[in-house]
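Beneath this line is the structure, given in structure tokens, with notes to follow.
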Amino acid sequence: MEKNERLKSLDAFRGFDMCFIMGMGGLITAICALFPQNGVTDWLAGQMEHVQWHGLAIEDMIFPTFLFIAGISFPFSIANQKAHGKTTGQIYGKIVRRGLVLVLLGAIYNGLLRLNFPDVRFASVLGRIGLAWMFAALLYVTFKTRVNIAVSVVILVGYWLLMWLVPHSSDPYSFDDNLVGAIDRVILPGRLHEKTFDPEGLFSTIPAIVTALLGMFTGQFVKLSSEKFSGDRKTLYMTIAGVALIIIGFAWSCAFPINKKLWTSTFVCAVAGISLVVFALFYYIIDVKGSSRWSFFFRVVGMNSITIYLAQSIIGFNHANNFIFKGIADKLPEAWGHLVLAAGYFAICWLFLYFLYKKKVFLKV
């Protein structure tokens, strides 16, 4: 992606999303704990936890939002590759390599290097991002937008019909017995995260392809010439499209529940709609109105998103946090001590990324 084409809002939005991965949810929860028995803070703290099964919380949106953002950046990447003379075959090759590398990194994150293969969980967050993004990118490069919109509709409706019509139990969307688990138990090697099925399994990756495609449609729209659509009009249309997706998702949920672990079609629509509205806000403030200085904090994180995801499993951030802040935390009331440790962990992660940013070290996959 060429520098003059890089969307600061996209890096900031990605960074905002990844802040939750590196502890912002815990920090918010710790702040809320200072105000017990408060309806607002109790609700907000609850949003920092995954729902058990059906439903949607902020915590459930972090992963799919990242996949949506990965989709937004792809049209810019394609344009840059073509500008540098990359052939169609080279573009296809890079797409497949990136997808498979993410699958491999996900398996390593889950303990592949321990070489205890029967106990390795091969399904992973990075694996789902890799596969869903890869197939979405192949569709995007191969077919026109209208075809891909039709493919997206077929996938979402088809996934619903398969979940609903293939007989399993009286409740086809139950935790104990659903089509996702039945397929994963047959074809997915290694350990399943939920024992009966895996929330990042193979079958439920199919609707995740649409999550990435919706991001790609967004990136393609943002790339349109400003002579055709002004920044203000782009913001308006993205907001309208986002609201429409939210309405579709929640209206459809009467028949097909919103469920992250099953990655239901309603989950795809609702999360993509919310992500699109939030991205439109970032885009309007940063790229349209030019107010970007405040976003530097998030862009530091967003430009090294894969790094911070992997680093938290490899580097002893918790050890450093306890070494520096635990003494202070132990001298404070319990709620304040938790806040100090949560803030300390978040600060250490951010400073690590800031150091990499200053050194111009960015992990690209």
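In this chain, residues are counted from 1 in sequence order. Just so you know, these numbers come straight off a predicted model, no measurement behind them.
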- Query: Has the side chain of N110 got a donor or acceptor atom that lies under 3.5 Å from a matching backbone atom of R121?
  - Reply: yes
- Report whether V154 and L156 are members of the same hydrophobic cluster (ILVMFWY, side-chain heavy atoms less than 4.5 Å apart, transitive linking). no
- Query: Any chain of hydrophobic side-chain contacts (each under 4.5 Å) joining L165 to W252?
  - Reply: yes
- Message: Using only atom types and a distance under 3.5 Å, with no angle test, would you say the side chain of D42 pairs donor to acceptor with the backbone of P36?
- Response: no
- Any luck finding a side-chain donor-acceptor pair between Y92 and T87 under 3.5 Å? no
- Task: Please tell me if the side chains of M163 and V180 come closer than 4.5 Å, counting only heavy atoms from C-beta onward.
- Result: yes
- Query: Which residue pairs satisfy the salt bridge (charged side-chain N to carboxylate O under 4.0 Å, His left out) criterion with at least one member in residues 328-350, sequence neighbours excluded?
  - Reply: K326-D330
- Message: Rounded to the nearest 0.5 Å, what separates atom CG in L276 from atom CG in L214?
- Response: 8.5 Å
- Query: Is the NZ or CZ atom of R128 both under 6.0 Å from the centre of the six-membered ring of W263 and within 45° of that ring's axis?
  - Reply: yes
- Could you walk me through whether L281 and F13 pass the side-chain contact (heavy atoms from CB on, under 4.5 Å) check? CA-CA 10 Å; L281 178 63; F13 185 32; over 6 Å; no
- Joint hydrophobic cluster, I28 plus V51, side-chain heavy atoms closer than 4.5 Å: no
- Item | C32 side chain near W43 side chain, heavy-atom distance below 4.5 Å | no
Contacts table for residues 346-362: side-chain donor-acceptor under 3.5 angstrom, sequence neighbours left out:
from: W350; atom 1: NE1; to: F297; atom 2: O; distance (Å): 2.9

- Task: Say whether M134 and V141 are linked into one hydrophobic cluster, either directly or through other cluster members, by side-chain heavy-atom distances under 4.5 angstrom.
- Result: yes
- Message: For the CG atom of D184 and the CG atom of L179, what is their distance to the nearest 0.5 Å?
- Response: 9.5 Å
- Closest heavy-atom pair, A57 versus Q47, reported as atoms and distance to 0.1 Å, is CA-OE1, 3.4 Å
- Query: Does the ring-ring contact (aromatic ring centres under 6.0 Å, His included) test come out yes or no for F66 and Y309, once each step is laid out?
  - Reply: CA-CA 12 Å; F66 184 85; Y309 182 80; 8.2 Å; no
- Query: Going by atom types alone, do W160 and T266 pair a side-chain donor with an acceptor below 3.5 Å?
  - Reply: no
- Straight-line distance of Y284 OH to T235 OG1, nearest 0.5 Å: 7.0 Å
- Heavy-atom closest contact (L363 atom, N304 atom, distance): N-OD1, 2.9 Å
- Between Y140 and F217, ring centroids under 6.0 Å: no
- Identify, with sequence neighbours excluded, every residue that meets side-chain hydrogen bond (donor to acceptor under 3.5 Å, both in side chains) alongside Q312. Y345
- Which distance, rounded to the nearest 0.5 Å, do you find between the CD of Q90 and the CZ of R97? 8.5 Å
- Message: Can you confirm whether or not the ring centre of Y173 sits under 6.0 Å from the ring centre of F256?
- Response: yes
- Query: Y159 versus V268: any side-chain heavy-atom pair under 4.5 Å?
  - Reply: no
- Item | Test log, rule side-chain contact (heavy atoms from CB on, under 4.5 Å), inputs H193 and E200 | CA-CA 8 Å; H193 188 266; E200 278 79 54; 5.7 Å; no
- Query: Quick one: are I129 and F63 in side-chain contact, heavy atoms under 4.5 Å?
  - Reply: yes
- Task: Indicate whether any N or O donor in one side chain lies under 3.5 Å from an N or O acceptor in the other, for N259 and H54.
- Result: yes
- Query: What distance do I72 atom CD1 and L7 atom CG have between them, rounded to the nearest 0.5 Å?
  - Reply: 8.5 Å
- Message: Pairing donors with acceptors under 3.5 angstrom, does anything connect the side chains of Q220 and T145?
- Response: yes
- Can you check whether F298's main-chain N or O pairs, donor with acceptor, with S295's side chain at less than 3.5 Å? no
- Message: With no hydrogens and no angle check, just 3.5 Å: does a side-chain donor-acceptor pair link S9 and D287?
- Response: yes
- Query: Is R185 reaching over with its side chain to a backbone N or O of T196, donor-acceptor style, under 3.5 angstrom?
  - Reply: yes
- Considering only heavy atoms from C-beta outward, does the side chain of L139 approach that of V147 to under 4.5 Å? no
- Message: Could you check whether F229 and F221 have their ring centres less than 6.0 Å apart?
- Response: yes
- Distance-only polar pair, side chains of S292 and R299, donor-acceptor under 3.5 Å: no
- Message: Checking S73 against R14 for the side-chain contact (heavy atoms from CB on, under 4.5 Å) test, could you report, in this order, the C-alpha distance in whole Å, the side-chain angles of both residues, the deciding distance, and whether it holds?
- Response: CA-CA 10 Å; S73 65; R14 185 188 298 110; 4.1 Å; yes
- Query: Would you say the side chain of V271 lies within less than 4.5 Å of the side chain of T211, judging by non-hydrogen atoms?
  - Reply: no
- Message: Is it the case that the ring center of W133 lies less than 6.0 angstrom away from the ring center of F74?
- Response: yes
- Message: Checking D171 against S174: is there a side-chain donor and acceptor pair closer than 3.5 Å?
- Response: no
- Query: Near F323 CZ, under 6.0 Å, is it more than 12 heavy atoms from other residues, nucleotides or ligands?
  - Reply: no
- What heavy-atom pair brings F68 and S275 nearest, and what distance separates the two atoms? CD2-CB, 3.8 Å
- Item | Minimum heavy-atom distance between A12 and I286, given as atom pair plus value | CB-CD1, 3.7 Å
- Query: Rounded to the nearest 0.5 Å, how far does CG of L34 lie from CG of L339?
  - Reply: 5.5 Å
- Query: In terms of side-chain geometry, is the basic nitrogen of K8 or D11 positioned less than 4.0 Å from the acidic oxygen of its partner?
  - Reply: no
- Item | For G111 against V120, the heavy-atom pair lying closest together | O-CG2, 4.0 Å
- Would you call F20 and I58 a side-chain contact if the rule is heavy atoms closer than 4.5 Å? yes
- Message: In terms of relative ring orientation, are W53 and F175 parallel, tilted or perpendicular, with 30° and 60° separating the classes?
- Response: perpendicular
- Task: Verify side-chain contact (heavy atoms from CB on, under 4.5 Å) between L56 and K260, making sure each step is shown before the conclusion.
- Result: CA-CA 8 Å; L56 183 64; K260 176 184 180 292; over 6 Å; no
- Message: Do L104 and L112 have side chains that approach each other closer than 4.5 Å (heavy atoms only, starting at C-beta)?
- Response: yes
- Exercise: identify the closest heavy-atom pair between A329 and L341: CB-CG, 3.8 Å
- Quick check: does any side chain N or O of S305 sit under 3.5 Å from a backbone N or O of V301, one acting as donor and the other as acceptor? no
- Query: If two hydrophobic side chains count as joined below 4.5 Å and joins carry through other members, does I149 share a cluster with V151?
  - Reply: yes
- Message: Is it the case that the ring center of F325 lies less than 6.0 angstrom away from the ring center of W336?
- Response: no
